[in-house]
There are 2 protein chains.
Amino acid sequence: MRGHRFRGARARRRVGPGEWAVRARVERFGEPALLLLLSERPAHGYDLLEQLPELTGERRIDMGNLYRVLRALEEDGIVTSAWRDDAPGPSKRIYELTDEGRRLLGGWADALRANQGLVSSFLDRYEKGGDHVPRT
Amino acid sequence: MRGHRFRGARARRRVGPGEWAVRARVERFGEPALLLLLSERPAHGYDLLEQLPELTGERRIDMGNLYRVLRALEEDGIVTSAWRDDAPGPSKRIYELTDEGRRLLGGWADALRANQGLVSSFLDRYEKGGDHVPRT
DNA sequence: CCCTCTACATGTAAATCACACATGTTCGGA
DNA sequence: TCCGAACATGTGTGATTTACATGTAGAGGG
């Protein structure tokens with residue numbers, strides 16, 4: 001019977017009585033991850049699919065969304081694509097980063113550094129607080 | 001004339017030809033920020049509204065969402081609230097962190113530390129890449 | 001009485017995300 | 001030769017979160 005399990009993009013979910021599993025992720029982190037991979041070398045969707053988990057920390061990447069993101073990036077001039085039939089296997093759409101894409105990746109790096117600072121402050125303030133997690 | 005400006009939760013937006021403004025934020029970062037403030041001392045919504053920007057780096061906090069989050073937290077037993085009429089001015093709903101809330105804050109801290117590691121790896125890999133942002 | 005500030009709250013559209021499902025190709029083994 | 005697994009590219013859809021607009025009501029000053 002479908003539809004009876006965990007659904008949606010919840011960042012916090014109950015895993016027991018008074019127990020919560022929390023996930024802290026940067027919004028749209030898939031985009032800079034994609035850009036970084038493409039800055040290293042052109043690749044096709046399925047290829048990226050296999051390289052992404054190491055960067056994002058996710059176990060599995062959603063293919064559907066990956067292809068949608070790639071198309072959106074192309075619409076915005078961040079990447080370009082071309083079909084490749086010469087390689088063995090099904091034909092692939094190879095994506096490549098544009099100069100604009102490289103600038104965007106630089107922007108992401110700046111923004112991520114800024115966020116690292118913010119979260120560091122948060123954690124420092126938390127740790128200074130003392131009297132923390134009570135026993136379950 | 002309403003409805004003609006930038007709307008929505010976009011993390012990236014065009015600010016010029018080939019120029020993008022990027023924001024890197026942790027998903028639902030408002031929640032741990034709220035929990036940290038409440039772990040320091042009980043407070044009412046409007047009070048939190050004024051303390052949050054320092055923690056989150058946002059200029060202004062959306063009141064509507066703040067109160068929605070607070071109610072959701074109360075539903076889940078993370079905070080409790082009580083009305084206060086004795087203080088001058090409009091009566092306030094004072095929020096206080098529960099033990100479960102303290103555990104959740106601990107969970108957020110762990111998750112945020114994990115994410116810091118992930119983003120650090122990303123930035124290291126980016127910086128190792130050399131040949132970066134081309135001139136505009 | 002009227003206006004502003006404080007305080008709490010709802011309505012709604014856009015963006016993102018998780019999950020399910022559709023479609024075709026290539027290749028190795030039974 | 002047929003079958004299934006892995007490769008490769010997508011579409012459909014509802015849940016969640018966010019940004020912004022708007023609504024309600026009491027307190028306090030002039």
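Every chain is numbered from 1, with letters handed out A, B, ... down the list of sequences. Bear in mind that the values here come from a model prediction, so they are computed numbers and not experimental data.
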Open item on the list: By nearest heavy atom, map A:Ser91 and A:Glu27 onto DNA chain C; which one lands nearer the 5' end?
Closed with: A:Glu27
Open item on the list: Taking the nucleotide of DNA chain D with the nearest heavy atom to each, does A:Tyr95 or B:Pro88 sit closer to the 5' end?
Closed with: A:Tyr95
Open item on the list: Both B:Arg68 and B:Lys92 contact DNA chain C. Taking the nearest nucleotide for each, which residue is further toward the 5' end?
Closed with: B:Lys92
Open item on the list: Please classify the nucleic acid contact of A:Gly45 as base, sugar-phosphate, or nothing, using heavy-atom distances under 4.0 Å.
Closed with: sugar-phosphate
Open item on the list: Counting only side-chain nitrogens and oxygens, does B:Tyr67 get under 4.0 Å of the OP1 or OP2 atom of C:dA9?
Closed with: no
Open item on the list: Applying a 4.0 Å non-hydrogen cut-off, can you work out what A:Gly89 is touching in the nucleic acid: base, sugar-phosphate, or nothing?
Closed with: sugar-phosphate
Open item on the list: One thing to verify: whether B:Arg41 and B:Asp47 come together as a salt bridge, which I'm taking to mean a side-chain N less than 4.0 angstrom from a carboxylate O.
Closed with: yes
Open item on the list: When you measure from the side-chain N and O atoms of B:Arg28 to the phosphate of D:dT18, is any distance below 4.0 Å, counting only OP1 and OP2?
Closed with: no
Task: Heavy-atom side-chain proximity of A:Val79 to A:Glu96 below 4.5 angstrom - done: no
Task: Check: A:Asn65 side chain, C:dA18 base, donor-acceptor under 3.5 Å - done: yes
TODO: Give a yes/no on whether any side-chain N or O of A:Arg25 is located under 4.0 angstrom from OP1 or OP2 of C:dT16.
DONE: no
TODO: Taking atom types as modelled, find out whether A:Thr80 and A:Glu74 have a side-chain donor-acceptor pair closer than 3.5 angstrom.
DONE: no
Open item on the list: For the backbone of B:Gly64 and the side chain of B:Asp62, can you confirm whether one donor and one acceptor N or O come within less than 3.5 Å of each other?
Closed with: yes
- [ ] Would you mind classifying the nucleic acid contact of B:Arg84 as base, sugar-phosphate or nothing, using non-hydrogen atoms under 4.0 angstrom?
- [x] nothing
